[in-house]
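Chain naming here is simple, since letters A, B, ... match the order of the sequence lines and numbering starts at 1 in each. Please read all numbers here as calculations on a predicted model, not as lab measurements.
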Amino acid sequence: MGNLRHIEGFGLDESSVLTDDFLRQLISVGEVDLLVGVPTHNSAKTVGETLQGIRVGLLKYFPRERAVILNPDGGSKDSTREVVAAASINDLQRSSDMYALRTLPCISTVYGGSPATEVALRTVLAAAELLRAKACAIVSPEATNITPDWIERLLRPVYRDNFDLVTPVYRRHKFDGLLLRNLIYPMTRALYGKRVREPYAVEFAFSERFGSHLSEMQVWDHAAGGVGTEMRMTIAAMAGGFRLYQTFLGTKPHLDRSSADLVAAMRQTVGTLFWSLEPNLQYWSINRETESVPTCGAEHDLTTEPVRVNRKRLYQQFGSGVGELEPVLRSILSAPTLAEVQGIAKVAEDDFRYPHELWVKTAYEFASSYHKSVINRDHIIQALAPLYRGKVYTFLLENRDASGEEVEANVEALCLTFERLKPYLLDRWNARE
Amino acid sequence: MWEMIIGELDHAMQELARGFAHLLPRLLAMLIIALLGWMIAYVLKVMLRGILRIVKFDKLSDNAGTTQMLNKLALPSSSELLSRVVFWVVWLGFILLGVQMLGIVGLQEYISRFFLYLPRLFVALFIVFFGLVAASFFSRAALLAAVNADSPSPWLLATSIRTIIVLFAVTMAFEQLGLAERTIVVAFAIAFGALMLGLAIAFGIGGRDLAKQFLERRFLKDKQEPKQDELSPL
Amino acid sequence: MTLGQDGLWYKDAIIYQVHVRTFRDGSGDGIGDFRGLAEKLDYLQELGITALWLMPFFPSPLRDDGYDIADYRSVHPSYGTLDDFKNFLVAAHERGIRVIVEMVLNHTSDQHPWFQESRSSRDNPRRDWYVWSDTDSLYRGVRIIFLDTETSNWARDPVSKSYYWHRFFSHQPDLNYDNPAVREEMWSVMQFWLEIGVDGFRLDAVPYLVEREGTSCENLPETHVVLKQLRSKLDQNFTGRMLLAEANQWPADLRPYFGDGDEFHMAFHFPLMPRMFMGLKLEDRKPIMDILQQTPAIPDPCQWCLFLRNHDELTLEMVTDMERDYMYDTYAGDKAMRVNLGIRRRLAPLLDNDRRRVELMNGMLMSLPGTPIIYYGDEIGMGDNIHLGDRNGVRTPMQWDGGWNAGFSSADPESLYSPLILNPVYGYPAVNVDAQKRSGHSLLAWMKRIISARKSTQVFGRGSIEFLHPANHRVLAYVRQLKAEAVLVVNNLSSSAQAVELDLRRYKGNILVEMFGRNIFPRIGDLPYLLTMGPYQFFWFRLRRI
């Protein structure tokens with residue numbers, strides 16, 4: 001029988017994410033085995049292809065299972081919702097090219113407020129709980145390069161092999177996703193002990209068990225302004241002892257949201273990571289070996305085609321950042337570290353290096369200062385950005401001509417440094433000013 | 001004649017003694033009140049110090065930059081300072097209350113005016129304090145935003161914001177205290193106006209292109225050429 | 001009671017399929033016969049049956065349960081004499097029960113005198129009555145129907161040293177319908193039985209009558225010509241008789257068998273039946289809706305024949321591979337249950353002896369457009385014996401009571417034509433007519449009630465059908481309508497309780513009257529009509545405007 005844990009807030013809670021109309025649609029769908037969520041906002045151009053890929057995947061790999069495609073929409077002004085409704089397979093709307101044993105409903109709901117990942121995720125979790133879905137997957141509506149076996153790769157580990165969270169692995173350019181590779185992945189790996197390559201996952205799958213854990217945790221409901229749901233989810237899985245899995249999905253679909261907005265990205269990832277350290281202190285403060293996560297397909301796949309990069313600008317931003325933000329950095333970093341950073345800032349462009357160890361110390365000191373709230377936390381995150389740029393500069397320089405394997409080796413070295421200096425973080429964390 | 005003098009002296013002595021006798025209990029009462037006041041003020045000081053420590057008031061004042069300022073003036077930390085101020089004010093208040101008991105007429109008015117003045121003093125202190133906090137916060141926010149957005153001279157921007165806010169707060173405090181109200185307000189208005197005018201001119205003339213770019217980016221959203229030299233961090 | 005003269009009697013009929021051998025033994029030799037069958041006509045009348053379909057009772061070596069006929073104008077001695085049959089027929093008509101007889105047109109037994117003559121030499125006058133060839137290379141690529149036993153449609157005859165064509169077992173040579181003599185003779189056979197008084201024929205294996213090189217040898221135009229000729233002769237010489245086609249084809253391919261109302265009166269809707277079972281397991285109405293929406297319209301006087309099970313395997317010929325695998329995995333996990341391309345189990349075992357599911361399937365059988373056929377024994381929920389060869393597992397003796405030989409026969413149990421079912425769940429001590437007659441809540445009692453409800457209105461047999469499309473795909477709902485009468489049927493295909501909202505705006509203002517309890521349900525308004533249904537529950541609502 002269902003959990004009665006929400007009785008506590010009975011009658012006092014915020015309004016449900018499920019509108020009456022959506023609830024009626026859910027009643028008609030009934031119990032399902034698989035649920036695929038596709039959160040959209042003005043995605044009419046691309047969502048049609050994504051839905052087709054999902055449908056083919058479901059019909060090909062899970063033809064006997066009861067499935068539903070759910071679309072939490074952030075208030076699209078274009079024809080997104082019509083495209084979604086037309087993707088249902090039922091007795092009124094048969095798909096001409098594929099044979100379906102069962103009805104495959106495709107339902108859509110609009111949630112209020114501005115488009116936000118955590119509201120979409122919350123809707124999916126609520127629906128999954130009511131429909132008792134054994135495995136859920138979230139697919140981005142911009143995944144135009146989706147192939148049917150994405151569905152198999154995402155859902156099979158959960159549905160058949162009993163894993164709890166499946167994160168993706170993408171084929172990326174060696175200079176793509178540097179924030180992940182230089183900070184998020186190594187730090188998460190060092191602290192939480194699991195080698196999850198993409199802790200910030202836009203496409204993923206999870207089990208019923210993990211879904212109810214997320215609902216209980218109220219993953220979205222905290223002081224960091226409600227962003228960073230994806231990271232919080234991954235960290236919850238790692239810290240909660242859930243079974244993790246990775247699956248190779250091919251090239252990462254291009255998101256044309258402002259990918260250059262570094263600070264926003266940092267808020268979602270670094271900010272969340274730092275914030276998560278407090279509640280999970282007991283977990284990560286124990287020294288443990290990092291474990292690799294079972295993976296389907298390659299664990300990393302880097303392409304190396306040449307790409308134009310403005311390295312000089314990064315160097316300049318680092319330098320000016322260190323200079324201008326000196327009073328701020330003084331409150332955040334320890335004196336020796338700050339001195340070192342200022343030291344390397346004086347070095348000429350061609351000889352400039354941001355060594356691994358210094359970067360790790362920087363990151364750890366930022367984390368502990370965040371914990372102590374020495375200044376406003378959001379400001380701490382913002383202050384990290386210029387320093388990160390310096391690290392990126394170094395990375396680009398060092399790997400200018402590197403092959404995929406060499407870049408991997410480099411990243412691995414950085415990871416090991418993070419792991420080695422973990423006691424340093426603990427010291428800083430526990431020290432009193 | 002001697003008898004008259006002695007008699008008068010006696011009389012005067014008696015008057016004095018009477019006066020004394022009249023005054024002494026009151027003096028005693030005043031001393032008791034002062035003592036009581038001292039004890040209460042002390043307790044309040046300790047309590048306040050404790051509260052401020054729990055509330056991490058010191059950290060807040062660190063943020064505000066007041067701690068640095070106080071250090072420069074060789075004053076103790078802000079929570080300590082505040083506690084002591086409260087101590088003195090409370091004790092002074094009790095003493096004045098005691099003095100009131102003495103019944104010296106002219107003092108009444110001044111004493112009540114003192115008490116009436118106290119709230120405004122505290123309000124002014126509050127305004128200054130939180131003004132400093134806000135100034136520090138917003139100037140830092142501006143600094144970070146400017147640095148990350150690659151704007152020119154972020155330090156200048158940050159400092160100007162800090163100055164403006166501090167000036168604003170100080171002016172409001174003076175207004176509260178009622179000291180040279182009009183002068184201060186007018187001076188502030190002039191300074192602020194001049195600053196704004198200067199900025200407008202500078203921006204208008206020198207920042208024309210920047211303004212154009214800014215407006216373009218704001219209102220003509222579709223022209224977002226992929227910045228080829230920006231890599232996606234995620 | 002005499003039979004009505006309504007030419008469309010078959011539209012309102014409730015047909016009971018039975019093999020005379022399995023029903024009741026009147027002679028005491030362990031094999032059912034016409035004397036016994038006549039004894040049990042009262043039982044059938046009480047049940048509400050209005051037509052009996054008898055499986056082949058002609059003289060035969062019985063290598064295909066009587067479908068290999070050796071003499072068309074007689075009765076197999078085990079079942080009695082021709083007089084026994086005539087007496088039985090009269091008794092049936094007296095009780096208002098019509099009799100439909102099986103007629104195998106496509107082939108005979110190889111023991112039939114015609115074949116004996118035909119094979120004896122190439123010059124024999126009856127040589128041409130069968131399809132002979134010197135090689136087995138003609139009609140290459142034509143599918144084999146009995147996959148489990150036959151490897152070719154040609155068999156070599158050692159006597160005449162040539163090959164003969166057989167679509168079924170090798171001991172059932174196909175007749176050659178290109179020969180007018182064959183056609184004459186077969187009509188004469190039918191005429192023989194019609195004059196005795198039978199009310200109709202079920203014509204077996206009609207798609208395969210005529211062969212042509214380079215085709216699938218099924219459903220050829222020439223075959224239809226032959227059939228139309230038979231029908232016109234029937235119409236000229238007799239009234240109130242009916243022809244029922246056994247053609248296991250897709251609905252679109254079945255349509256030609258109705259012609260323009262000048263060929264068959266009725267045909268089995270083969271593709272629907274496995275999809276009903278599939279819809280039940282999937283808990284989704286999609287397979288059922290798909291096939292019904294693909295079913296073409298048929299001429300007014302024509303009618304579909306619906307059934308849940310019959311004497312053959314539950315055929316999975318007319319489904320896709322994916323569907324067949326699904327059906328195998330869910331209904332016939334044990335490979336012993338599978339034969340040819342189907343599942344050889346009775347209704348009750350297929351549905352796990354779940355009374356609710358049995359009722360639901362019967363409810364759909366009685367309410368979907370067509371004439372329902374009940375397979376003998378399914379009205380009491382008889383079980384099967386998959387260890388008997390071929391499809392004999394579903395042809396065990398009828399279980400009348402818990403006593404000697406289940407009341408089927410007074411002979412020695414060892415002499416029965418087939419062993420009885422003995423296990424504690426389906427065995428005759430547990431499942432028999434006598435026991436079920438004693439209880440007002442037995443399956444038999446319920447079957448009587450639903451047959452009676454079906455017969456209470458002509459809307460089921462003759463009305464139109466309009467499907468509703470509620471958002472809840474576990475509910476199959478439709479409205480049957482005939483002139484001013486309308487009945488709403490709602491079926492919950494799911495094993496769990498369901499809520500469903502029906503769009504009944506077209507019928508706004510009607511009050512719903514539930515047909516079994518006759519209680520009234522709320523009037524239809526503007527809002528969607530909400531029904532909550534228990535597992536496998538179904539409703540029949542009369543729509544009344546008062």
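Look at R243(A) and D164(A) and you find no salt bridge, because none of the NZ, NE, NH1 or NH2 atoms lies under 4.0 Å from a carboxylate O. Ion pairing of E152(A) with K60(A) is absent here, as no side-chain N (NZ or NE/NH1/NH2) approaches a carboxylate O to less than 4.0 Å. Using a 4.0 Å cut-off between charged nitrogen and carboxylate oxygen, E359(C) and R355(C) count as a salt-bridge pair.
Interface remark: of the candidates I27(A), I89(A), L92(A), N90(A), L92(A) forms the most heavy-atom pairs closer than 4.5 Å to chain C. Per-residue heavy-atom pair counts under 4.5 Å with chain A were compared for D325(C), T330(C), V475(C), and the maximum is reached by D325(C). By number of non-hydrogen pairs under 4.5 angstrom with chain A, the leading residue of H469(C), M289(C), E501(C) is H469(C).
For T320(C), the part sitting under 4.5 Å from any heavy atom of chain A is the side chain, from C-beta outward, and nothing else. For chain A, the nearby part of Q293(C) is the side chain; its heavy atoms alone come within less than 4.5 Å.
Between F307(C) and F270(C), the distance separating the two ring centers is shorter than 6.0 angstrom.
Screening V500(C), I524(C), L468(C), D503(C) for a side-chain contact (heavy atoms from CB on, under 4.5 Å) with Y529(C), the sole residue that qualifies is I524(C).
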